[in-house]
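One structure is given below, encoded as C-alpha cells.
In what follows, every chain begins at residue 1, and chains take the letters A, B, ... in the order their sequences are listed. This is a predicted model, so every value here is computed, not measured.
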There are 2 protein chains.
Amino acid sequence: MGTSKKEAFSNSQNRLADLAKALAHPARIAILEFLAKKNACICGDIVEELPLSQATVSQHLAELKRVGLIKGDIEGPRVCYCINQKAWSEAKQLLSQFMVTVKNCC
Amino acid sequence: MGTSKKEAFSNSQNRLADLAKALAHPARIAILEFLAKKNACICGDIVEELPLSQATVSQHLAELKRVGLIKGDIEGPRVCYCINQKAWSEAKQLLSQFMVTVKNCC
DNA sequence: AACTTCTATCGTATTATTACGATAGAAAAA
DNA sequence: TTTTTCTATCGTAATAATACGATAGAAGTT
C-alpha cells in the first residue's frame, strides 16, 4: 500500500492537488515570495535567503520546476529562476475557481 | 533529519503551506467538490462517492478537519460534514492574495 | 437486550518527503 | 591550466503520508 491512488481521480483534481503539493512547504512559499519581492528573475542568491542547505534548496527548486511554476535558465555559471507565467496563470485560475466554487452551505 | 524546519519560517508562510498541504491530495479535492455540489452538509454518504476504503476516507476527513477547512457535527448515528465558513474565507484570502502578489517578472 | 449502522482509531506495510554532507560538472576567473 | 563559483545529483537517514483490514464505540432499530 502507501501509494496514492491518483488514477481513480480526474485530471483536474490531480492537477489541483499537485499544484497544492508544490505549495505545501514554507520554504517553497518563501522562494516564490522572494521572487515576487525582487520582481525579477533570481540569479544565484536564493540559498543565502533561506535557512536551509544548498542541497535542500535545490530540491525545493526542483519541486517547483516539476509542476512548472518556475523555470530555470542557465546563464553563464549561474541559473536564473523565474516564475513561469503560463503555469502560474493556470494555477491562479484553477485555485481561485476551486475556492469560489466550494461555497459555504450552512 | 527528515523533519521539516517549520520554526525557521513565518507564521503566514507556515499557515499557507499547511492549507496547501490539506489540498494536496485528489481525494480531499474531491471531498470538497462533493460538498460544493451538494451545497449542503453531508451526512454519511461520503465513502460511497470515493474509490477508497472507509478508514482512508476518515483519515482524509481528519486532515481537512485538522486545518479547519471542514467541521463535523455529530447528528444521531452519523456525522455531518460542512465547510467551515470562517477557515474557508481565510484560506481563500490567503491563497488569492499570495497568487496575485507573486506576479510574473520576465 | 440484541442487532444494525456509521465513523474513528489502531496496527501495519509501503511509499514519499525532508534534510544534509559529499561529490560532480559546467562556466567564468585567475 | 588551475582555481573559484555555482548548482545538480547521489547517498543516506529520519520523518510523514497513504492505504487498508480489523476493531471499538456511539446511537438508533428491532
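- Side-chain proximity of Ser4(B) to dC20(C), dA19(C), dT7(C): nearest is dA19(C).
- Using a 4.0 Å cut-off on heavy atoms, none of the residues of residues 12-30 of chain B approach DNA chain C.
- Between Asn14(B) and Ile29(A) the shortest side-chain heavy-atom distance does not fall below 4.5 Å.
- DNA chain C is contacted by both Ile42(B) and Gln54(A); Ile42(B) maps to the nucleotide lying nearer its 5′ end (nearest heavy atom per residue).
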Output a table of nitrogen or oxygen pairs between the protein and nucleotides 25-30 of chain C separated by less than 3.5 Å.
none

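- Residues satisfying the side chain to side chain donor-acceptor pair (under 3.5 Å) criterion with Gln97(B), sequence neighbours excluded, are Gln93(B).
- Summarising the geometry, the separation between CG on Leu52(A) and P on dT7(D) is reported as 15 Å, rounded to the nearest angstrom.
- Taking the side chain as every heavy atom from C-beta outward, Lys86(B) and Lys71(B) never approach each other to under 4.5 Å.
- Here the side chains of Leu23(B) and Leu16(A) are not in contact, with every heavy-atom distance at 4.5 Å or above.
- Under the side chain to side chain donor-acceptor pair (under 3.5 Å) test applied with Asp18(A), the options Gln13(A), Lys6(A), Arg66(A) reduce to a single match, Arg66(A).
- Asn84(A) has its side chain out of reach of Leu69(A): every pair of non-hydrogen atoms, C-beta onward, lies at least 4.5 Å apart.
- The shortest non-hydrogen separation linking Phe98(A) to Glu33(B) is CE1-CG, 3.7 Å.
- A distance below 2.5 Å between sulfur gamma atoms is not met by Cys80(B) and Cys41(B).
- Using a distance-only test at 3.5 Å, with no hydrogens or angles considered, a donor-acceptor pair links the side chain of Trp88(A) to the main chain of Met99(B).
- For dT18(C), neither phosphate oxygen OP1 nor OP2 lies less than 4.0 angstrom from any side-chain nitrogen or oxygen of Lys6(B).
- Among the nucleotides dC20(D), dT15(C), dA22(C), the one closest to any side-chain atom of Lys5(A) is dC20(D).
- In this view, Arg28(B) and His60(B) satisfy the side chain to side chain donor-acceptor pair (under 3.5 Å) rule, not counting sequence neighbours.
- Taken residue by residue, residues 56-69 of chain A places heavy atoms nearer than 4.0 Å to DNA chain D at Ser58(A), Lys65(A).
- Here Ser53(B) does not reach the OP1 or OP2 of dG21(D): none of its side-chain N or O atoms lies under 4.0 Å away.
- Checked against side chain to side chain donor-acceptor pair (under 3.5 Å), Ser58(A) has no partners two or more places apart in sequence or in another chain.
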